[in-house]
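Below is one structure, written out as structure tokens; comments come after it.
Here is how names work: the chains are called A, B, and so on, in the same order as the sequence lines, proteins then strands, and each is numbered from 1.
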Protein chains: 2
Amino acid sequence: MTTQRKTYHHGSLRQALIDAALAIAREDGVDQVTVREAGKRAGVSSGAPFRHFPTKTALMTAVAEEAMRRFRARISVELDKAERLDPLSRFRALGIAYLRWVIDNPTHFEIISMRRAIDFDASETLVGLNEEIRNLMVRMLEDARAAGQLRKADIEGVPLQARALVYGLARMWIDGQFAQWGGAEKAESLMQQSLDDFLALLAK
Amino acid sequence: MTTQRKTYHHGSLRQALIDAALAIAREDGVDQVTVREAGKRAGVSSGAPFRHFPTKTALMTAVAEEAMRRFRARISVELDKAERLDPLSRFRALGIAYLRWVIDNPTHFEIISMRRAIDFDASETLVGLNEEIRNLMVRMLEDARAAGQLRKADIEGVPLQARALVYGLARMWIDGQFAQWGGAEKAESLMQQSLDDFLALLAK
DNA sequence: GATTTATGTAAGTAGTGATTACATAATCTG
DNA sequence: CAGATTATGTAATCACTACTTACATAAATC
């Protein structure tokens with residue numbers, strides 16, 4: 001990286017730092033992200049980043065926001081593809097899009113869910129997008145029930161159950177609990193199977 | 001803490017450091033644990049811990065082992081209480097014991113599942129105890145099937161599903177995703193409900 | 001009782017987040 | 001358009017961290 005700079009001022013240092021942090025996280029892991037290294041990659045001194053982010057937490061929060069936007073965008077794309085399907089199948093598509101993004105971007109998902117290392121609750125973006133994804137999940141389940149796809153009429157606890165299942169699979173991947181069962185492809189098929197099994201339990 | 005010491009040698013510094021680290025984690029959070037502070041609480045200099053643990057990771061691994069032993073012990077106690085119940089109820093007891101321990105010891109569970117910050121795979125204790133808990137889960141599900149308690153005969157994917165659900169609920173608690181729904185009691189009842197809903201889907 | 005070994009101390013290294021005083025470029029204003 | 005103002009960079013520094021090294025002291029062993 002280490003972008004060469006002809007002017008004294010960078011021009012778009014803020015975004016460059018976010019991109020650098022995302023790249024470091026992807027290449028070397030989340031805990032290898034340092035303010036200095038992000039600055040270095042952007043071609044700037046070690047103190048410069050602090051003009052744009054008062055603390056490392058503020059930088060990481062902005063990084064999480066960027067990651068969350070990409071996560072949300074990916075889900076939208078996949079849901080659009082599934083637009084003509086029945087509610088339960090769309091719910092499945094959402095779950096699979098979620099899990100695939102996590103497999104493809106483990107460190108970025110890690111940053112999003114690192115709620116103690118970022119100011120999650122203070123970020124409208126993070127809270128809002130998170131809420132959007134949750135709402136999508138709930139709405140699809142309600143649609144599935146309305147369409148008579150479910151075994152039981154009471155879906156009171158199902159959304160939490162579904163979230164816990166997907167989040168659990170995602171975190172198990174992040175935390176290296178699928179390592180013994182092979183690579184990303186194997187993990188993906190296991191996750192997909194698990195999701196399908198769950199849907200089979202719910203469905204008529 | 002800052003144990004006073006009359007002899008030059010501590011006598012049991014290794015264990016004192018592990019206990020100190022657990023206490024710091026519980027009181028101030030996992031990332032507040034430093035080798036220096038653990039040494040300080042044990043009443044020794046900042047370099048002394050390195051005689052017992054070559055790296056911070058080694059200390060944290062030992063801490064995780066201690067936490068895992070306590071976790072395992074708690075599960076044993078609760079399972080003993082449920083000894084006379086049917087398999088599915090014992091499975092439920094295991095899940096609830098798991099989740100209650102996490103609620104009572106969030107930072108300790110966090111350390112156990114921090115697989116990048118500890119040498120999980122290099123620790124026979126961690127790998128072994130983890131495997132024991134997983135085997136308990138699987139065995140009880142098989143017993144439940146054998147006892148004709150389940151709707152479907154095929155339980156192929158159920159253990160993973162169950163693990164993901166419980167692990168997901170646990171991590172959601174750790175990651176602060178239950179915060180908006182009130183304190184530990186509320187979270188516990190939500191988790192319990194979620195587990196019961198899942199069992200209801202499985203059961204005949 | 002002398003020697004060896006285990007375990008502590010003290011001081012120092014390099015890397016981190018963060019702050020400060022200062023320098024330079026972009027922008028605003030008359 | 002020129003001078004003042006403001007935004008944004010640099011360099012030096014601080015406190016803290018994991019970790020190392022040289023040395024001191026107690027315990028264990030012969």
Side-chain angles (χ1 to χ4, degrees), chain A residues 1-25 27-64 111 114 116-119 122, chain B residues 1-25 27-64 111 114 116-119 122:
Chain A
M1 207 68 54
T2 324
T3 318
Q4 287 300 346
R5 194 159 38 105
K6 300 196 177 58
T7 58
Y8 185 88
H9 282 193
H10 185 286
S12 55
L13 183 52
R14 193 191 143 90
Q15 188 58 43
L17 290 168
I18 293 171
D19 293 342
L22 281 167
I24 297 167
E27 292 164 22
D28 308 321
V30 174
D31 44 37
Q32 293 301 308
V33 177
T34 67
V35 179
R36 297 174 109 88
E37 180 63 23
K40 202 172 182 179
R41 292 209 186 200
V44 105
S45 75
S46 67
F50 290 95
R51 291 283 171 191
H52 297 272
F53 303 101
T55 64
K56 183 185 182 183
T57 300
L59 168 59
M60 294 309 286
T61 303
V63 171
I111 291 171
M114 263 176 18
R116 267 167 198 73
I118 62 180
D119 278 335
Chain B
M1 206 68 53
T2 325
T3 318
Q4 288 301 342
R5 196 160 36 108
K6 297 193 179 64
T7 59
Y8 184 87
H9 282 195
H10 185 285
S12 55
L13 182 53
R14 193 191 144 90
Q15 188 59 43
L17 290 168
I18 292 170
D19 293 342
L22 282 168
I24 297 166
E27 292 164 22
D28 307 321
V30 173
D31 43 39
Q32 293 302 306
V33 177
T34 67
V35 179
R36 297 174 105 86
E37 180 63 23
K40 201 172 184 179
R41 291 209 187 200
V44 297
S45 73
S46 67
F50 290 95
R51 290 283 172 193
H52 298 270
F53 303 101
T55 64
K56 182 184 183 181
T57 300
L59 168 60
M60 294 309 285
T61 303
V63 170
I111 292 171
M114 263 176 19
R116 269 169 196 71
I118 62 180
D119 279 335

Please report, rounded to the nearest Å, how far the [atom2] atom of [N] is from the [atom1] atom of [X].
| X | N | atom1 | atom2 | result |
| --- | --- | --- | --- | --- |
| B:Leu17 | C:dG8 | CG | C1' | 12 Å |
| B:Gln15 | C:dT7 | CD | C1' | 17 Å |
| A:Phe53 | D:dG9 | CZ | P | 11 Å |
| A:Lys40 | C:dG17 | NZ | P | 13 Å |
| A:Asp28 | C:dT16 | CG | P | 12 Å |
| A:Asp31 | C:dT16 | CG | P | 12 Å |
| A:Leu59 | C:dA18 | CG | P | 10 Å |
| B:Ile118 | D:dA18 | CD1 | P | 17 Å |

Gap between atom CD1 of A:Ile18 and atom CE of A:Met60 - 0.5 Å precision
11.0 Å

Any chance you could measure B:Ile24, atom CD1, to B:Asp19, atom CG, to the nearest 0.5 Å?
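Here the interatomic distance stands at 11.0 Å.
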
Which one, [options], comes nearest to the side chain of [X]?
| X | options | value |
| --- | --- | --- |
| A:Thr55 | C:dA18, C:dT16, D:dT20 | C:dA18 |
| B:Thr34 | D:dT10, D:dC19, D:dT17 | D:dT17 |
| B:Phe50 | C:dT9, D:dC19, C:dT19 | D:dC19 |
| A:Ala48 | D:dT10, C:dG8, D:dC19 | D:dT10 |
| B:His52 | C:dT7, C:dT16, D:dC19 | C:dT7 |

Work out which heavy atom in A:Ala38 is nearest to a heavy atom in A:Ala20; give both atom names and the distance.
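Nearest pair, atom of A:Ala38 first, then A:Ala20: O-CB, 3.7 Å.
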
So, using side chain to side chain contact (heavy atoms under 4.5 Å, CB included) as the criterion, who are the partners of A:Asp31 when residues are at least two apart?
none

Using heavy-atom distances to pick each residue's nearest nucleotide on DNA chain D, tell me which of B:Gln32 and A:Arg51 is more 5'.
A:Arg51

Is the base of C:dG15 touched by the side chain of A:Arg36 through a donor-acceptor pair closer than 3.5 angstrom?
no

For residues 46-53 of chain A, dump all side-chain donor-acceptor pairs below 3.5 Å to protein atoms at least two apart in sequence or in another chain.
none

